[in-house]
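Just so it is clear: chains get the letters A, B, ... in the order the sequence lines come, proteins before strands, and each one is counted from 1. Below, each value reflects all heavy atoms present in this structure, side chains not excepted, and no hydrogens, waters or symmetry copies.
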Number of protein chains: 2
Amino acid sequence: MIIIIFIIRPMSLRMTPQRHAVLTLINGSARHWDAEAISRALQKNDQRIGIATIYRTLSVLEEAGLIAAVVIGQRKHYERIDKPHHDHMVCEACGRIEEFFHQDIETLQHDIAKRHGFCIQGHSLVIFGLCRQCQ
Amino acid sequence: MIIIIFIIRPMSLRMTPQRHAVLTLINGSARHWDAEAISRALQKNDQRIGIATIYRTLSVLEEAGLIAAVVIGQRKHYERIDKPHHDHMVCEACGRIEEFFHQDIETLQHDIAKRHGFCIQGHSLVIFGLCRQCQ
DNA sequence: TGCTATTTGATAATGATTATCATTATCTTT
DNA sequence: AAAGATAATGATAATCATTATCAAATAGCA
């Protein structure tokens, strides 16, 4: 599955070493990344990529459907695209991001949106508080 | 109720004309405001307040519990504090923000957080899509 | 290999927000 | 009403995340 993601790319999207590095990093775990974190992590691997390129690359990869973006707090985060839909719990103390999925919540969201005559394109649900470790 | 909100202020918080203007504007309707919108609206009323003061005032009023803040998209919005808890549906086309409340969703959120050993401090639920008018 | 169009990196620019600082003003006491 | 202490303002500089610019580099195709 991961291999397929690497090989398939939209028409005219070039696979540069920089894009490959970002994609590999993001697909290497379930973690959520912001641009800064990606830059730092790649630098640690002796892969120095300009910050402007990081932002551009993330934007291009997202548009191409190769990675997923989610806004948590006031910042954009990125994660691998092959995860099923989920929402987030964010620890206010340590910043840890946990994922969750609850079918009933999904369903009720659709119900209430329909009741408002609203055509859903997506949703963002973030529960913030303290994780188990920080309590 | 509104009158009480105006009169009661935390110790050492001074009630300047600027703060009064912002508070009055926000409490004048159920609308959601960002800093820029507030600045523009007040200017229209010939109340010219520096943008730095708008930001400061919003921050102070929020901390004092006199207004409520909510992050929608990547920007902070402010609204009157006397509304019951609610979440938001945001139209991607026109920007309109509708409010909703669904007790079952609230309950299920508590359930799943508990299951994760997570101590909830709050949550943010934004459904984005197209409102009735924009479809 | 050559060519074309895309992409990069460094840096400037942008926009939302916050910090700074001299000046102003609120609020309490006298 | 005046004085005094301290909070608040406005204008502008600074900060930060992000985007735009542009010359140089490079991916990918013929």
Side-chain angles (χ1 to χ4, degrees), chain A residues 6-26 32-43 45-79 90 95 97, chain B residues 6-26 32-43 45-67 69-78 90 95 97:
Chain A
F6 276 140
I7 293 178
I8 299 181
R9 61 179 170 94
M11 299 290 292
S12 85
L13 186 64
R14 303 185 177 195
M15 186 48 60
T16 64
Q18 291 86 353
R19 290 174 178 179
H20 189 265
V22 170
L23 206 44
T24 301
L25 180 69
I26 289 181
H32 297 78
W33 302 89
D34 61 28
E36 170 64 28
I38 288 169
S39 182
R40 252 185 289 115
L42 291 178
Q43 193 157 12
N45 293 346
D46 293 310
Q47 290 170 301
R48 306 181 90 275
I49 304 184
I51 193 63
T53 299
I54 300 280
Y55 280 107
R56 265 191 308 245
T57 297
L58 289 170
S59 180
V60 163
L61 293 180
E62 183 200 349
E63 261 184 50
L66 297 178
I67 59 174
V70 57
V71 174
I72 298 177
Q74 290 176 256
R75 293 216 26 215
K76 222 168 177 180
H77 289 72
Y78 297 89
E79 60 192 319
V90 182
I97 302 176
Chain B
F6 277 139
I7 295 178
I8 299 181
R9 60 181 173 92
M11 299 291 288
S12 86
L13 185 65
R14 301 182 181 196
M15 185 49 63
T16 64
Q18 292 85 354
R19 291 176 178 176
H20 189 266
V22 170
L23 204 45
T24 301
L25 181 68
I26 289 179
H32 297 78
W33 303 87
D34 63 27
E36 171 62 31
I38 288 169
S39 183
R40 252 187 287 118
L42 291 177
Q43 194 157 11
N45 293 348
D46 293 307
Q47 290 170 301
R48 308 181 88 276
I49 303 182
I51 192 63
T53 299
I54 300 279
Y55 279 108
R56 266 191 309 245
T57 298
L58 289 171
S59 178
V60 163
L61 294 180
E62 182 200 352
E63 261 183 51
L66 297 178
I67 59 174
V70 59
V71 175
I72 298 178
Q74 288 176 258
R75 293 221 21 221
K76 222 169 181 181
H77 288 72
Y78 298 89
V90 182
I97 302 176

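A/Arg40 is linked by a side chain to side chain donor-acceptor pair (under 3.5 Å) to A/Glu36, counting only residues two or more places apart in sequence or in another chain. Evaluation of the side chain to side chain donor-acceptor pair (under 3.5 Å) rule for B/Arg19 yields no partner, not counting sequence neighbours. For A/Thr53, the side chain to side chain donor-acceptor pair (under 3.5 Å) partners are A/Arg56, not counting sequence neighbours. Every side chain to side chain contact (heavy atoms under 4.5 Å, CB included) that B/Gln43 has, sequence neighbours left out, goes to B/Arg48.
Under 4.0 angstrom from either OP1 or OP2 of D/dG10 there lies at least one side-chain N or O belonging to B/Gln18.
Going from atom CE of A/Met15 over to atom P of C/dT7 covers 10 Å, rounded to whole Å.
A 4.5 Å side-chain heavy-atom check between A/Ile26 and A/Leu61 finds every atom pair outside the cut-off. Looking only at side-chain heavy atoms (C-beta outward), A/Met15 and A/Leu23 come within less than 4.5 Å of each other. Looking at heavy atoms from C-beta onward, A/His77 lies in side-chain contact with A/Ile97 at the 4.5 angstrom threshold.
A rotation axis mapping the C1' atoms of four pairs onto the next four is fitted at both ends of the helix from C/dT1-D/dA30 to C/dT30-D/dA1 over five pairs, and the angle between these axes is 30° to 10 degrees.
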Completion exercise
Letter by letter from the 5' end, nucleotides 13-26 of chain D scores (B base, S sugar-phosphate only, - none; protein heavy atoms under 4.0 Å) ----SBBBB-----

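Across B/Ala35 and B/Ile54, no two heavy atoms sit closer than the pair O-CG2, 3.7 Å.
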